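Step one of this worksheet: look at the structure below.
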Amino acid sequence: MNVPFVDLKKQYQDIKPEIDRAIQEVIENTAFIGGKYVKAFEQQFAELYGVKHVIACANGTDSLYILMKMLGIGQGDEVITVANSWISSSETITQAGATPVFVDIHPDYYSMDETLLERAITSNTKAVILVHLQGQIADVEAIQNICRQKGIYLIEDCAQSHFSEYKGIRAGLTGIAASFSFYPGKNLGAYGDAGCIITNDDELATKCRMYANHGSLTKHKHEIEGINSRMDGLQAAILSAKLPHILQWTEQRIHNAALYAKHLGGIKEIVLPQVRPDSKHTYHVYMIRAANRDALMAHLREQGIETALHYPVILPLLKAYSYLGYTSKDFPVASAYQETILSLPMYPELTEEHIAYVAETIAAFYKS
Ligand SMILES: *Cc1c(COP(=O)(O)O)cnc(C)c1O
């Protein structure tokens, strides 16, 4: 049996008429950049997510960069993020002119360890970019309390946590603003690059909208210099077509995670993901920790099962950050886990047959 890591084609086949119609309509209306399909998606996403403003932009990375620029973060400032994430969470800090500072991960929940945040804050700290990695929300309540006390901004990176919750509050609704990615493989994915900012702050929303569109809200009136970071009409229409399915797809991921737990339960060489109490994990990634990881990964590949590493090298140890002088001792948890983490196939269309096969193959590996 073949189990791909993701199966975007299966999802397309399930909703083909809706997607094809959406694409056709955009072409007929030649609404290629910005325009009515983008506006419609912004409104639909705002309503479903429960937020006042959605500002569409070109990708998730830009949404972080735009937010930092519009919050006045720049030269001489420090911004704190987590040691294990995708590089967008830290490269946008540098892009804005500030310096990234990394905090180790929580040993059970893999997001930023809230107990380590305070000691990373200096008089130059302006913001925390909190990543809700893999669909597991960080302790936003504790982290927002620290940010409030210290007078720094909390920005939530929700690229992997669409519709995740902590104590009934959705990811992205605790801080000043949040960024989302709609990269094709994300829980809500376009058919190309796309992203957005969400916020309940009117002034920040206006600034971000302006900055993402060359500093202008009205054609030829450039109040500031900005950048070109707009969503395509095609991507917006595709996202609108997918939006009515997202809550069901999310439940299906949660259901599949429960099936993994059922089938993998007895294997003592692996550690299954744990869910933070009072929270809703939306399983963008289903990551286990496994003994003899590299050999297991190779064995699974031979048996037709594709897996991945999130991430093979933690951010502060990447060559790109060697100038900051960090060593693995600075991040004992994240750097130890780097050697054992393994992400298994996870998507709504995965069947129990797939999951049972993955589990049997893992069990067989440890028996031999
Ligand atoms: C995917 C991702 C991003 C960036 O999104 P793009 O749309 O690819 O630019 C940012 N942060 C995290 C944690 C991500 O996983």
Side-chain angles (χ1 to χ4, degrees), residues 5-6 8 38 41-42 45 54-69 79-96 100 102-103 105-106 109-112 127-138 140 143 154-164 171-172 175 177-198 208 211-212 227-232 234-236 238-239 242 253 281-287 308-316 318 320-321 334 341 343 346-347:
F5 188 68
V6 287
L8 299 179
V38 174
F41 172 69
E42 287 179 337
F45 191 59
V54 170
I55 300 107
C57 63
N59 56 67
T61 308
D62 279 1
S63 59
L64 284 171
Y65 171 69
I66 293 164
L67 271 172
M68 274 183 273
K69 289 296 283 185
V79 177
I80 298 171
T81 193
V82 66
N84 188 38
S85 182
W86 176 242
I87 194 167
S88 302
S89 312
S90 53
E91 72 182 344
T92 49
I93 297 171
T94 317
Q95 226 180 323
F102 298 98
V103 167
I105 63 169
H106 190 286
Y109 308 129
Y110 308 146
S111 47
M112 180 186 287
V128 171
I129 300 215
L130 185 61
V131 189
H132 304 307
L133 205 69
Q134 305 172 353
Q136 170 100 284
I137 200 155
V140 269
I143 289 169
L154 172 63
I155 299 169
E156 294 175 74
D157 180 343
C158 300
Q160 302 190 7
S161 58
H162 312 68
F163 299 93
S164 301
S179 79
F180 281 83
S181 168
F182 303 117
Y183 177 81
K186 298 289 159 80
N187 285 18
L188 179 61
Y191 285 179
D193 275 315
C196 81
I197 291 161
I198 69 167
C208 290
Y211 191 70
I227 59 169
N228 177 0
S229 181
R230 298 173 299 208
M231 191 186 279
D232 290 356
L234 282 170
Q235 303 310 337
I238 288 163
L239 289 168
K242 285 189 171 194
R253 284 176 183 274
H281 192 322
T282 54
Y283 297 99
H284 173 60
V285 168
Y286 188 88
M287 190 180 86
L309 304 179
H310 296 99
Y311 293 92
V313 181
I314 61 170
L315 293 172
L318 288 170
Y321 295 111
I341 56 169
S343 306
M346 171 51 85
Y347 36 95

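Counting convention: from 1, in listed order, for ligands and their atoms alike. Nothing here was measured: the structure is a model prediction, and the numbers come from that model.
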Quiz prompt | Distance in Å, Thr81 OG1 paired with Leu130 CG, rounded so as to fall on 0.5 Å steps | solution = 7.5 Å
Quiz item: Quick one: salt bridge (charged side-chain N to carboxylate O under 4.0 Å, His left out) partners of Glu91, sequence neighbours excluded?
Solution: none
Practice problem: Evaluate side chain to side chain donor-acceptor pair (under 3.5 Å) for Ser164 paired with His132, printing each intermediate quantity in order. | Solution: CA-CA 9 Å; Ser164 301; His132 304 307; over 6 Å; no
Self-check item: Rounded distance [0.5 Å steps], CD in Gln160 versus CD in Gln134
Solution: 6.5 Å
Self-check item: Student check: side-chain heavy atoms of Ile198 and Phe45 closer than 4.5 Å
Solution: yes
Starting from the N and O atoms of ligand 1, find every protein N or O within less than 3.5 Å and list the pair with its distance.
from     : atom 1 : to     : atom 2 : distance (Å)
ligand 1 : 5 (O)  : Ser181 : OG     : 3.2
ligand 1 : 7 (O)  : Gly60  : N      : 2.8
ligand 1 : 7 (O)  : Ser181 : OG     : 2.6
ligand 1 : 9 (O)  : Gly60  : N      : 3.3
ligand 1 : 9 (O)  : Thr61  : N      : 2.8
ligand 1 : 9 (O)  : Thr61  : OG1    : 2.5
ligand 1 : 11 (N) : Asp157 : OD1    : 3.3
ligand 1 : 11 (N) : Asp157 : OD2    : 2.8
ligand 1 : 15 (O) : Gln160 : NE2    : 2.8
ligand 1 : 15 (O) : Lys186 : NZ     : 3.1

Quiz item: Counting only heavy atoms not in Tyr183, do more than 12 fall under 6.0 Å of its OH?
Solution: no
